[in-house]
Amino acid sequence: MFELEIKHCPTIIYRPIRPSDLQVLELIHASLFPVRYDIDFFLNVVNGLGIVSWGAVDVSRSDGHIDELIGFVTTRINAVKESEIQNLLRYDTTRNDQTLVYILTLGVVEQYRNLGIASSLVREVIKYASSISSCRAVYLHVIAYNLPAIHFYQKMLFKLVRRLSKFYYINGYHYDAFLFVYYVNGGQSPCSMREVLAAVAAYLRGLLSILAGKIWNGDCKKRSRWSRCKETNSHLVAQNKRIPYSDTAIC
Ligand SMILES: CC(C)(COP(=O)(O)OP(=O)(O)OC[C@H]1O[C@@H](n2cnc3c(N)ncnc32)[C@H](O)[C@@H]1OP(=O)(O)O)[C@@H](O)C(=O)NCCC(=O)NCCS
């Protein structure tokens with residue numbers, strides 16, 4: 001189906017997915033994902049039934065398959081009120097028409113990776129979500145061991161908002177998932193009072209630690225070499241403890 005190696009400089013075009021893509025779409029999903037999608041999913045994708053998708057093709061392929069998918073992204077619109085991230089959003093709670101774009105699947109065949117194709121596909125999704133005035137965010141789940149995808153979404157400035165324990169059940173095993181969100185149209189929730197207090201506390205601890213370090217440095221000159229080393233170590237430990245605390249602040 002695909003060239004084993006691409007020896008040319010590809011010219012990638014992005015287009016909607018259509019009925020003629022059905023077979024290739026199924027094949028790529030089967031080769032990229034550990035879960036099997038049923039035929040209804042693919043029929044809905046290629047016919048645009050409740051699913052909005054984009055495909056990537058290489059129009060400079062030497063084997064003539066210039067209209068064959070080499071990458072795709074599939075999405076669905078979900079209602080904010082029925083979503084698991086409604087408490088992470090800024091939206092008008094009196095309105096029922098607020099929406100989100102959920103990324104169902106994203107993939108690029110191996111030979112075409114690291115060329116920026118997934119980035120372009122996800123940028124299409126973000127552009128689409130931003131163009132819907134009721135839309136507040138794009139979100140998705142990634143299985144916790146999929147490091148390339150995790151790096152990818154972080155690079156695309158998606159925010160990792162939650163780790164969901166045992167979210168996936170695949171072939172008799174449970175796997176955690178990470179929930180990523182990209183806010184659009186002012187969808188980012190303001191900080192809660194708890195988060196503001198946590199940030200202030202982390203800042204004050206940092207300040208205290210610097211002051212303590214300065215006092216210590218002055219005092220240090222009067223002490224023996226052994227006692228200086230010992231105390232310096234404990235100061236470092238205190239600083240390190242601060243790092244995970246400030247990292248866990250949500251906003
Ligand atoms: C994840 C995936 C879609 C990335 O596609 P891609 O077209 O290669 O991605 P891009 O070229 O746009 O990569 C952009 C960034 O993602 C990150 N990235 C992509 N592949 C990576 C890898 N193998 N390891 C670490 N980071 C990676 C990098 O930060 C990269 O930016 P850089 O090249 O400037 O370092 C692709 O690896 C894939 O199809 N994987 C299998 C299916 C899958 O896991 N889908 C996602 C879950 S639904």
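A quick note: this is a predicted structure, and the numbers were derived from the prediction, not measured. Numbering of ligands and ligand atoms starts at 1, following listing order.
By the side-chain contact (heavy atoms from CB on, under 4.5 Å) test, R76 is found to be paired with N78, Y102, L104, residues two or more places apart in sequence or in another chain being considered. Residues satisfying the side chain to side chain donor-acceptor pair (under 3.5 Å) criterion with Q154, sequence neighbours excluded, are absent altogether.
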Tell me which donor-acceptor pairs under 3.5 Å the side chains of residues 117-124 have, and how far apart each pair is, sequence neighbours excluded?
unit_1	atom_1	unit_2	atom_2	d
S120	OG	Y14	OH	3.4
S120	OG	G116	O	3.2
E124	OE2	K127	NZ	3.4

Tabulating one pair per line, provide the atom names and distances (0.1 Å) for every N/O atom of ligand 1 that is less than 3.5 Å from a protein N/O atom.
unit_1	atom_1	unit_2	atom_2	d
ligand 1	7 (O)	A118	N	3.0
ligand 1	8 (O)	N114	N	2.7
ligand 1	11 (O)	N114	N	3.4
ligand 1	11 (O)	L115	N	3.3
ligand 1	11 (O)	G116	N	2.8
ligand 1	12 (O)	S119	N	3.0
ligand 1	12 (O)	S119	OG	2.5
ligand 1	20 (N)	N114	OD1	3.4
ligand 1	31 (O)	K155	NZ	3.1
ligand 1	34 (O)	K155	NZ	2.4
ligand 1	39 (O)	V108	N	2.9
ligand 1	39 (O)	V108	O	3.3
ligand 1	44 (O)	N146	ND2	2.7
ligand 1	45 (N)	L106	O	2.8

| request: Just do the side chain to side chain donor-acceptor pair (under 3.5 Å) check on E84 and Y139 with the steps written out, would you? | output: CA-CA 10 Å; E84 65 196 289; Y139 75 113; 5.0 Å; no

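A tilted orientation is assigned to the rings of Y169 and H174, their planes being inclined by 30° to 60°.
Aromatic rings from Y153 and F158 are positioned such that their centres are separated by under 6.0 Å.
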